[in-house]
Number of protein chains: 2
Amino acid sequence: MIQNLSKLERQRRIKEHILKDPFLSDKKLAELFNFSVQTIRLDRLEMGIPEMRKRIVQVAKNTTSTDKVKSLKKEEIIGELIDIELGKNGIAILKTTKNMAFGRTGIIRSHYIFSLADSLAISIIDTEVALTGIARLSYKNPVYAGQTLVAKARVARNRGNKYLVSVHVKSDQKEVFTGKLVIFSVNDKVKKEKT
Amino acid sequence: MIQNLSKLERQRRIKEHILKDPFLSDKKLAELFNFSVQTIRLDRLEMGIPEMRKRIVQVAKNTTSTDKVKSLKKEEIIGELIDIELGKNGIAILKTTKNMAFGRTGIIRSHYIFSLADSLAISIIDTEVALTGIARLSYKNPVYAGQTLVAKARVARNRGNKYLVSVHVKSDQKEVFTGKLVIFSVNDKVKKEKT
DNA sequence: CACCTATTATTAGCAACTACTAATTGTAAG
DNA sequence: CTTACAATTAGTAGTTGCTAATAATAGGTG
């Protein structure tokens, strides 16, 4: 076989292939490129690319660290409760970070803002258990990682176990989000009211 | 027969350990349980548990399974994308766990369900960047930790860069959440917009 | 006692390597 | 043309974490 690829070019391509598919063994790469397994190995060593098995372990460990269901940690959710008057109103702040944002744009993912609002809304209801029923959300302006959000919530109406909570979220005086949430308080044995 | 019980118990524990940490080799398990490597192997074979390397590959492949989506990197998606037709519809599932729930009641916090719906809605928009604008959410029934949620989303309307996505979330055929989200696609330099 | 199960040991072999040495090929310079 | 040198290929030994199969041993039970 005529080798029309320069060594460097081949190495660049090997690297590319491995990045795209870490599950490629040296043997398969050798078949792909029509070079001997030894050459592929030399290339890998020169580029400092670990063997397939170690690459797979790396990929697997990545999953575990990100943990599949990207769980929102509690601190991230609530932010920080600053002030609260049960049954009336409350203020919470959230310092946004890069890992709450879309990698490309740095814009905070909407559900983090909703989580802040929702958590705060539930917090100000003076009851054992509170559940969100209906919500209307409006995202006014994008929020960029690093900005600090201030959420203010107040109970706008309250009929029986049904609360209408209105939440406004600002960043630097600028409104970025508003929402109206209907929260139900569930006090006693009521666990499942619907079948 | 007394041995039998301890054997079963040991196998149960081995299974548990492997589930918790798929990176355990037979040798390490043998050290952990003070049994010979051969015994561990027999146990594994009886239980049909594959060898460490294959387990690692499985874990690694889990991560790689989802591609195809433009707007979100896979780590940014809440839940697991099952099927998607860009610009049209998509299905995602989320296995709920205790740490997504209120401790006392085991009821899943609402923003996890929203996050699932929101992520899915953004995923099906065929664009580089997609942002949530307005949302109307309705929580129909409480979800308890352990239940698996199936979210279906479809693009109901599309005018220009504005998409109306409707999302239905079910658990065991029962509808637990519905939402209508207005998503904006942002392809060029659009920074903020509100309609 | 023979029988049975659980456990452990032993051996051969495999995949996918590392690490090393050695041979071959290509090509350019003296 | 010959030598020098890099690139490539080949080959060997050793490693890890196994599978598969066979055998040996210990501990009961009927």
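Letters A, B, ... are given to chains in the order of the sequence lines, protein chains preceding strands, and every chain is numbered from 1. Keep in mind the model is a prediction, meaning the values are calculated, not measured.
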Chemist: Would you call Glu9(A) and Arg13(A) a salt bridge, taking side-chain N to carboxylate O under 4.0 Å as the test?
Modeler: yes
Chemist: Please round to the nearest 0.5 Å and tell me the distance separating atom CG of Asn161(B) and atom CD1 of Ile183(B).
Modeler: 11.5 Å
Chemist: Using whole Å, what does the distance between atom C1' of nucleotide dA16(C) and atom CZ of Phe23(A) come to?
Modeler: 15 Å
Chemist: Please list, one pair per line, the donor and acceptor atoms closer than 3.5 Å that link side chains of residues 150-160 of chain A to other protein atoms, with sequence neighbours excluded.
Modeler:
none

Chemist: Could you check whether Glu46(B) pairs with Lys7(B) (Lys NZ or Arg NE/NH1/NH2 to Asp/Glu carboxylate O, under 4.0 Å)?
Modeler: yes
Chemist: Would you list the protein and nucleotides 22-26 of chain C atom pairs, both N or O, that sit under 3.5 Å from each other?
Modeler:
none

Chemist: Measure from NZ or CZ of Arg10(A) to the centre of the six-membered ring of Phe35(A), then state whether that distance is under 6.0 Å and the direction lies within 45° of the axis.
Modeler: yes
Chemist: Rounding to an integer number of Å, can you tell me how far Leu42(B) CG sits from dT10(C) C1'?
Modeler: 14 Å
Chemist: Which letters describe nucleotides 10-26 of chain D, given B = protein heavy atom under 4.0 Å from base, S = only from sugar-phosphate, - = neither?
Modeler: BB----BBBB-------
Chemist: Can you tell me the distance, in whole Å, between the CG atom of Asn34(B) and the C1' atom of dT7(C)?
Modeler: 14 Å
Chemist: Please state how far atom CD1 in Ile40(B) lies from atom C1' in dT8(C), giving the value in whole angstrom units.
Modeler: 12 Å
Chemist: Just how far, in rounded Å, is P of dA7(D) from CG of Asp43(A)?
Modeler: 10 Å
Chemist: Are His17(A) and Phe33(A) an aromatic pair by the rule of ring centers under 6.0 Å?
Modeler: yes
Chemist: Is any NZ, NE, NH1 or NH2 atom of the basic residue among Lys20(A) and Glu16(A) found under 4.0 Å from an Asp or Glu carboxylate oxygen of the other?
Modeler: no
Chemist: Does Arg109(B) count as lying over the ring of Phe102(B), i.e. NZ or CZ under 6.0 Å from the six-ring centre, within 45 degrees of the axis?
Modeler: yes
Chemist: In whole Å, I'd like the distance from the CZ atom of Arg10(A) to the P atom of dA7(D).
Modeler: 9 Å
